[in-house]
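The chains referred to below are lettered A, B, ... by the order of the sequence lines, with proteins before strands, and numbering in each begins at 1.
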Amino acid sequence: MAEITKRSDDYSRWYQDVIAAAELAENSPVRGCMVIRPNGYAIWENIQRTLDDKFKELGHVNAYFPLLIPKSFLAKEAEHVEGFAKECAIVTHHRLKQVTVDGKTTVVPDPDSKLEEEYIIRPTSETVIWDAYRKWIQSYRDLPLLINQWANVMRWEMRTRMFLRTTEFLWQEGHTAHATAEEGRAETLQMLEAYRWFAEEILAIPVLPGPKTENERFAGAVETFSIEAMMQDNKALQAATSHDLGQNFAKAFDVKYQDAEGKVEHVWATSWGMSTRIMGALIMAHSDDNGLVLPPRIAPTKAVIVPIWKNDEEMAQMCEAARDLAAKLSPVVGTVHVDDRDKMRPGWKYGEWERKGVPVRLELGPRDLAGQQVMMAARHDRKKQPVGFAVLADAVQAELERIQTDLYDAAITRRRENTHVVDSWDAFTDLYTKGDGGFALAHWCGGGDCEEAIQQKTKVTIRNMPFERDETPGECVHCGKPSIGRVVFAQAY
RNA sequence: CGGGGCGUGGCGCAGUCCGGUAGCGCACCUGCUUUGGGAGCAGGGGGUCGCCGGUUCGAAUCCGGCCGCCCCGACCA
């Protein structure tokens with residue numbers, strides 16, 4: 001295993017090194033696409049399970065819509081096409097043909113199999129889904145319609161980064177239909193809150209929920225909300241979005257319902273999503289120079305037991321004792337792994353499980369067994385202490401909770417230290433050129449042109465306008481016009 | 001798509017300037033000794049040198065083209 005680059009030396013290499021060292025994912029033969037390895041996919045499965053339970057608790061059901069979307073569908077909502085046209089993969093043929101060129105056999109699209117109407121690989125599924133909703137919705141009795149889909153999508157990005165921006169990515173997309181604008185808005189906010197809960201309580205990543213500016217809105221939405229997180233390099237990352245789609249898609253796909261009084265109206269829609277990008281946030285939020293650090297609530301393996309021995313007899317004893325402990329622990333704390341591999345010394349194993357981010361390590365040697373105890377070590381702060389067998393389950397449970405809390409506290413402290421109230425353009429530019437960046441709470445006039453000008457000059461964008469923000473008017477940090485209050489600026493992933 | 005860097009066993013690299021048929025560390029396999037923070041010794045397996053073409057008696061090395069990866073910009077979740 002190659003050394004992990006230090007964060008202070010090269011943050012972006014560090015990020016890639018952590019992914020490689022923890023065996024989360026690797027590049028694939030397809031440009032911009034990644035192979036998610038078992039260690040990475042196990043985390044995604046936990047993310048899926050937790051979110052899926054939450055969605056269902058809130059009344060949603062799952063369905064599956066096709067990967068391929070007729071080209072004409074995308075064109076039905078004007079803003080939507082404009083937003084996605086530049087990054088669509090297109091399926092044009094349905095058959096290959098073997099040909100021999102210079103004695104070598106290869107395959108080419110069979111010209112005779114050209115599709116009359118080409119398909120695009122979904123960049124998001126609003127269009128196919130709303131085409132179906134037209135058929136499913138007739139009456140107010142069919143509402144609300146609360147459907148979620150777990151799927152892969154493709155957006156042909158110019159520059160990709162593992163998890164953070166890949167050509168193909170996995171996500172969930174919720175698509176709901178409602179009888180009134182108020183219900184739609186309530187759903188949009190409810191799901192944003194679900195994402196906030198998930199990011200903060202499960203992933204230990206503090207986030208700022210709030211509406212995006214008009215420029216940053218989802219193509220086709222009336223209003224877009226996001227949760228924004230700060231990474232260890234002080235850049236912002238949009239961790240999830242929730243869109244109030246108004247009647248835009250209902251009108252584009254002619255989805256109407258009849259209310260109790262017999263009046264026919266277009267329905268009101270929302271969509272909301274969280275993707276494998278969140279894994280990039282998870283990796284960057286907590287990991288250190290020794291590798292991955294995972295919050296216990298999302299970690300696939302909560303604890304690993306490393307037995308220590310000097311000879312075959314001891315090996316048998318320690319392994320048996322370790323398996324006994326694991327069997328007692330698992331029902332209380334979750335998956336516990338016993339690393340009984342021969343041929344590897346304990347020190348090597350410690351290093352490996354640290355790289356992979358397992359929150360708690362339990363060391364069990366002859367001296368421990370004699371004293372009916374283990375040495376318990378935490379991944380994130382390396383604190384080590386002896387714990388008696390009798391109280392082990394409670395102690396590990398408490399340790400996992402301590403780790404979860406520590407990680408959240410560290411992240412929120414880091415965010416506080418790197419969030420600055422900025423009141424002049426000089427201070428603003430200094431922060432992002434000479435300083436360490438981070439979040440700037442600054443006045444903004446509300447003008448899209450002004451927002452773009454700021455981005456042009458500094459590469460800093462308005463992440464969102466947090467619900468909890470200072471709305472006292474002031475002067476726009478850039479143009480000096482009267483402001484709508486302070487919004488959050490940052491360089492973003 | 002522009003600017004910079006890099007493609008050589010699984011990983012990290014040397015060799016390229018100055019052409020002579022591929023080497024080091026780690027990992028892997030076998031055996032013995034080991035095992036409380038990345039063990040030691042001995043033996044062993046594995047590479048069309050990113051791809052295509054050219055020059056040459058001979059190319060990892062020189063020339064031309066292409067592809068991919070990483071970093072920095074323009075687009076985005």
Side-chain angles (χ1 to χ4, degrees), chain A residues 1-5 10-13 15-17 20-21 23 26-34 83-88 101-102 104 123-124 153-171 173 195 212 215-219 224 226-229 236-243 271-281 290-291 306-312 314-315 318-319 339-355 361-371 374-375 377 382 384 386 455-456 459 461 463 492-493:
Chain A
M1 188 60 237
E3 285 292 298
I4 294 171
T5 306
D10 184 339
Y11 189 82
S12 141
R13 283 238 342 243
Y15 175 71
Q16 295 177 75
D17 286 351
E23 297 173 1
E26 61 190 35
N27 281 314
S28 76
V30 184
R31 183 197 173 90
C33 295
M34 61 180 172
F84 287 104
K86 287 168 292 184
E87 49 192 36
C88 287
V101 182
D102 299 334
K104 281 175 205 156
T124 179
V153 291
M154 283 200 124
R155 295 182 190 176
W156 215 268
E157 301 291 349
M158 293 178 186
R159 218 176 118 192
T160 58
R161 255 144 101 40
M162 288 265 200
F163 292 111
L164 297 172
R165 184 172 298 110
T166 46
T167 300
E168 179 187 18
F169 58 94
L170 307 182
W171 76 347
E173 44 179 329
Y195 290 138
K212 293 293 244 187
N215 286 345
E216 301 268 329
R217 227 170 250 168
F218 173 74
T224 288
S226 71
I227 51 172
E228 301 285 333
L237 187 142
Q238 177 173 298
T241 50
S242 186
H243 314 289
S271 71
W272 26 274
M274 182 177 267
S275 72
T276 38
R277 174 178 234 212
I278 197 67
M279 295 196 40
N290 297 315
V306 179
I308 299 155
W309 60 79
K310 283 201 176 62
N311 51 50
D312 287 355
E314 279 183 5
M315 179 172 98
M318 298 309 132
C319 288
D339 188 352
D340 59 2
R341 288 173 297 178
D342 199 355
K343 312 273 162 98
M344 275 165 201
R345 308 177 97 200
W348 195 94
K349 294 180 181 179
Y350 299 168
E352 175 173 345
W353 295 112
E354 275 168 15
R355 286 198 304 273
R361 179 182 72 242
L362 303 172
E363 306 167 10
L364 177 67
R367 292 202 292 275
D368 297 307
L369 186 59
V374 296
M375 288 301 297
R382 299 193 153 209
K384 210 160 153 175
Q455 180 173 5
Q456 286 294 317
K459 290 166 191 85
T461 51
R463 297 324 305 150
Y493 275 101

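- Across all strands shown, B:rG20 forms a Watson-Crick or G-U wobble pair, both distances under 3.5 Å, with B:rC57.
- With P as the reference atom, B:rG68 and B:rA74 are 22 Å apart, rounded to whole Å.
- For the P atoms, the distance from B:rU34 to B:rA39 is 16 Å, rounded to whole Å.
- Across all strands, A:Leu164 comes closer than 4.0 Å to base atoms (heavy-atom distances).
- Of the C1' atoms belonging to B:rG64 and B:rG23, the separation is 29 Å, rounded to the nearest Å.
- Rounded to the nearest Å, the gap between the P atom of B:rG31 and that of B:rC70 is 40 Å.
- Between atom NZ of residue A:Lys212 and atom CZ of residue A:Arg463 there is a gap of 4.0 Å, rounded to the nearest 0.5 Å.
- When distances run from any side-chain atom of A:Arg355 to the nucleotides B:rG38, B:rG36, B:rC71, the shortest one goes to B:rG38.
- Nearest to the side chain of A:Lys86, among B:rC75, B:rA74, B:rG38, sits B:rC75.
- Set against B:rG37, B:rC76, B:rU35, the side chain of A:Pro346 has B:rU35 as its closest nucleotide.
- Atoms CG (A:Asp342) and P (B:rU30) sit 12 Å apart, rounded to a whole Å.
- The minimum heavy-atom distance linking A:Glu314 with A:Lys310 is given by the pair OE1-N, 2.7 Å.
- If you check B:rC76, B:rA77, B:rC71 against the side chain of A:Phe169, the one that comes closest is B:rA77.
- If A:Trp309 and A:Arg159 are placed on RNA chain B by their nearest nucleotide, the residue sitting closer to the 5' end is A:Trp309.
- For A:Arg361, counting side-chain heavy atoms from C-beta on, the closest listed nucleotide (B:rG38, B:rG37, B:rA77) is B:rG37.
- Across all strands shown, B:rG73 forms a Watson-Crick or G-U wobble pair, both distances under 3.5 Å, with B:rC1.
- Looking at every heavy atom in both residues, A:Pro346 comes nearest to A:Ile308 through CG-CG1, 3.8 Å.
- Residue A:Arg345 places at least one side-chain N or O under 4.0 Å from the OP1 or OP2 atom of B:rG36.
- With both ends at atom P, the span from B:rC57 to B:rU48 equals 27 Å, rounded to whole Å.
- Nucleotide B:rG31 is matched to B:rC41 when pairs are restricted to Watson-Crick or G-U wobble geometry with both distances under 3.5 angstrom.
- Nucleotide B:rA74 holds its P atom 8 Å from the CD atom of A:Gln455, rounded to whole Å.
- Nearest heavy atoms, A:Met318 versus A:Gly365: SD-C, 3.5 Å.
- Rounded to whole Å, the P atom of B:rA60 lies 28 Å from the corresponding atom of B:rG4.
- Among the heavy atoms of the strands, none lies under 4.0 Å from A:Met315.
- The heavy-atom pair separating A:Trp309 from A:Cys319 by the smallest distance is CZ3-SG, 4.0 Å.
- Residue A:Glu363 places its side chain closer to B:rG36 than to any other of B:rA77, B:rG36, B:rC75.
- Among the protein residues, A:Ser28 comes within range of no part of the nucleic acid, since none of its heavy atoms lies under 4.0 Å from any strand.
- In this entry the distance linking CZ of A:Arg13 with C1' of B:rG5 reads 11 Å, nearest Å.
- Along RNA chain B, the nucleotide nearest to A:Gln456 and the one nearest to A:Asn311 differ in position, and the one closer to the 5' end is contacted by A:Asn311.
- For A:Arg155 against B:rC76, no side-chain N or O and base N or O form a donor-acceptor pair under 3.5 Å.
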If you apply the rule side-chain contact (heavy atoms from CB on, under 4.5 Å), what do you find for A:Ser12 with A:Arg161, and how did you get there? CA-CA 10 Å; A:Ser12 141; A:Arg161 255 144 101 40; 3.7 Å; yes

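- Per the geometry, NZ belonging to A:Lys343 stands 14 Å off P belonging to B:rA27, to the nearest Å.
- Taking a pair to require two hydrogen-bonding distances under 3.5 Å in either a Watson-Crick or a G-U wobble arrangement, B:rC6 pairs with B:rG68.
- Rounded to whole angstrom, the span from the CD atom of A:Glu352 across to the P atom of B:rA27 amounts to 13 Å.
- At a cut-off of 3.5 angstrom, the base of B:rG38 holds no donor-acceptor pair with the side chain of A:Glu354.
- Residues A:Thr224 and A:Phe218 share a closest heavy-atom pair of OG1-N, 2.9 Å.
- In this structure, A:Gln238 reaches the sugar-phosphate backbone alone: every heavy-atom distance under 4.0 Å involves primed, P, OP1 or OP2 atoms, never a base.
- Rounded to an integer number of Å, the gap from CG of A:Asn27 to P of B:rC67 is 18 Å.
- With a cut-off of 3.5 Å on both pairing distances, B:rA14 has no Watson-Crick or G-U wobble partner at all.
- With sequence neighbours excluded, the residues satisfying salt bridge (Lys or Arg N to Asp or Glu O under 4.0 Å) with A:Glu363 are A:Arg361, A:Lys384.
- In the set B:rG37, B:rA74, B:rC75, the nucleotide with an atom closest to the side chain of A:Lys459 is B:rA74.
- Comparing the same atom, C1', in B:rC28 and in B:rC75 gives a spacing of 44 Å after rounding to whole Å.
- Of all nucleotides present, none satisfies the Watson-Crick or G-U wobble test against B:rU48 with each distance under 3.5 Å.
- Comparing B:rG65 with B:rG15, their P atoms sit 25 Å apart, to the nearest whole Å.
- Using a 4.0 Å heavy-atom cutoff across all strands shown, A:Ser226 reaches no nucleic acid atom at all.
- The CD atom of A:Gln16 sits 15 Å away from the C1' atom of B:rC11 (whole-angstrom rounding).
- A:Lys384 has its NZ atom 11 Å from the P atom of B:rG36, to the nearest Å.
- Side-chain N/O atoms of A:Thr241 include none lying less than 4.0 angstrom from OP1 or OP2 on B:rA77.
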